[in-house]
Amino acid sequence: MITRIEPINEQSLRYAKEIILSGGVVAMPTETVYGLGGSAFNDEAVKKIFEIKGRPNDNPLIAHVHPEYDITEIIDYDPPYAADLRKAFLPGPLTLVYPSTGKVSPRVSCGLNTLAVRVPSHKGAQAFLRAVNIPVVAPSANLSRHVSPTSARHVYDDFNGKIPLILDGGECTGGIESTVADVTGEYPVILRPGLITREMIESVCGRCDVYAPELKPGDRAKSPGMMYKHYSPRCITYLFDENGGEAARQTARREAAQGRRVYFLCERSVAKALCAEGENVLDLGTSETEMAANLFALLRKAETVADVLIAIEPKKKDGVMAGVLNRLRKACASKDIPH
Ligand code: TXA
Ligand code: MG
């Protein structure tokens, strides 16, 4: 199969619609990361998405809709505080998990009676979703456990020959996946941290918890995708906390002595303090949103330039950084860890 990368225009949208309505799969940009989209109503399309990604079949998908789509078609109960959240943050990088009407393919939620729904703010994503005018399920468009894609090129690198079309909407400005919040209870519970922070949700709803499971082997997580090692660059990775500079340098010396190409990944102030002029540094930047936007692209870059990636945790841990740290820790995890 030839994989075409097309800018988003009338012609490519017509082609995308044709593919989606006949049960095929199209990669689309969003403001967070690229997604691998298919019709939520089509069992075969949903099955295909799991197969192409190599995704475990206990990890449910998010249904994406355009801002005018009537979500009562697919969700069964809508607590008043969810409407407040939609008003405050949507369209945007917040996914809400509702009780499902069961109208989408049962494969979407992997047997759960809930459905995750997201309204992206990316103009190209909205044009695509309006063109098809049905909910499009779209996991991040990366091979399962690989780093999420923030450009059309990243998607191509993982799926060349496997999908017919990548809609190219430029580089994603958000950079980490949407915040996932469960709204089936009395107040929202964050299942996956992201750019819409706990503090932001609390400011609207008064209360917002973060699901932090103490999982034992065999337990099923509420957001099953959070169980796995994720976002992994294909190189050796080490992660040190913000006080681990000296240990990081020792590791770098030891690895370099083995003839390996060593790169540091850290925020700019840490790089300035720790690394010599001209040393290999992948610079996360300075602000929270900049670090979120840069993280995945740098992890993908690492696998092309480095044998060993030595990451140092940014100092700030809350707000948007909760999401950045969650991804960074999983990228550098040595085995499956529940988070
Ligand atoms: O920003 C994003 O959310 C991107 C773009 C493409 O929209 N999509 C994305 O999808 O990150 P994915 O499949 O990589 O991650 C979906 C997350 C997983 O952690 C999954 O477990 C959780 O959402 N999820 C989906 N449906 C759920 C449900 N019914 N209940 C609980 N968690 C759910
Ligand atoms: Mg993903």
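In what follows, every heavy atom counts, from backbone to side chain, and hydrogens, waters and symmetry copies are set aside. Remember, predicted model here, so these are calculated numbers, not experimental data.
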**Prompt:** Under 6.0 Å from the OH atom of Tyr156, do we count more than 12 heavy atoms belonging to anything else shown?
**Reply:** no

**Message:** Can you list everything that forms a side chain to side chain contact (heavy atoms under 4.5 Å, CB included) with Asp158? Sequence neighbours excluded, please.
**Reply:** Asn142, Leu143, His146, Arg300

**Request:** Decide yes or no on salt bridge (Lys or Arg N to Asp or Glu O under 4.0 Å) for Asp78 and Arg86, but give the supporting numbers first.
**Result:** CA-CA 11 Å; Asp78 185 18; Arg86 288 200 299 275; 2.7 Å; yes

**Message:** For Ala138, give me all partners under side chain to side chain contact (heavy atoms under 4.5 Å, CB included), at least two apart in sequence or on another chain.
**Reply:** Met28, His64

**Message:** Strictly below 4.0 Å, N to O, side chains only: are Arg153 and Asp157 in salt-bridge contact?
**Reply:** yes

**Asked** Is it true that Glu267 and Lys316 make a salt bridge, defined as a side-chain N closer than 4.0 Å to a carboxylate O?
**Response** no

**Request:** Look at Glu255 together with Arg260 and state whether they make a salt bridge at an N to O cut-off of under 4.0 Å.
**Result:** yes

**Prompt:** Would Glu44 and Lys48 pass as an ion pair if we require N to O under 4.0 Å?
**Reply:** no

**Ser178 side-chain N/O to Val180 backbone N/O, donor-acceptor pair under 3.5 Å** = no

**Message:** Within the supplied structure, the quantity of interest is the number of heavy atoms (other residues, nucleotides, ligands) at a distance under 6.0 Å from Gln11 CD; does it exceed 12?
**Reply:** no

**Message:** Contact between Phe296 and Val33 at the side-chain level, heavy atoms closer than 4.5 Å - yes or no?
**Reply:** yes

**Prompt:** Does the Thr95 side chain pair with the main chain of Ala116, one donor and one acceptor, at a distance under 3.5 Å?
**Reply:** no

**Asked** So does Glu313 pair up with Lys317, basic N to acidic O under 4.0 Å?
**Response** yes

**Message:** Please identify which of these residues, Val108, Leu112, Val137, Thr114, meets the side chain to side chain contact (heavy atoms under 4.5 Å, CB included) condition with Pro60.
**Reply:** Leu112

**Prompt:** Taking Phe264 as the fixed residue, which of Leu282, Leu274, Val270 is the one that meets the side chain to side chain contact (heavy atoms under 4.5 Å, CB included) rule?
**Reply:** Leu274

**Asked** Pairs in or reaching into residues 13-30: which pass side chain to side chain donor-acceptor pair (under 3.5 Å), with residues at least two apart or in two chains?
**Response** Thr30-Thr32, Thr30-Arg118

**Prompt:** Between Tyr238 and Phe240, how do the two ring planes meet: parallel, tilted or perpendicular, split at 30° and 60°?
**Reply:** parallel

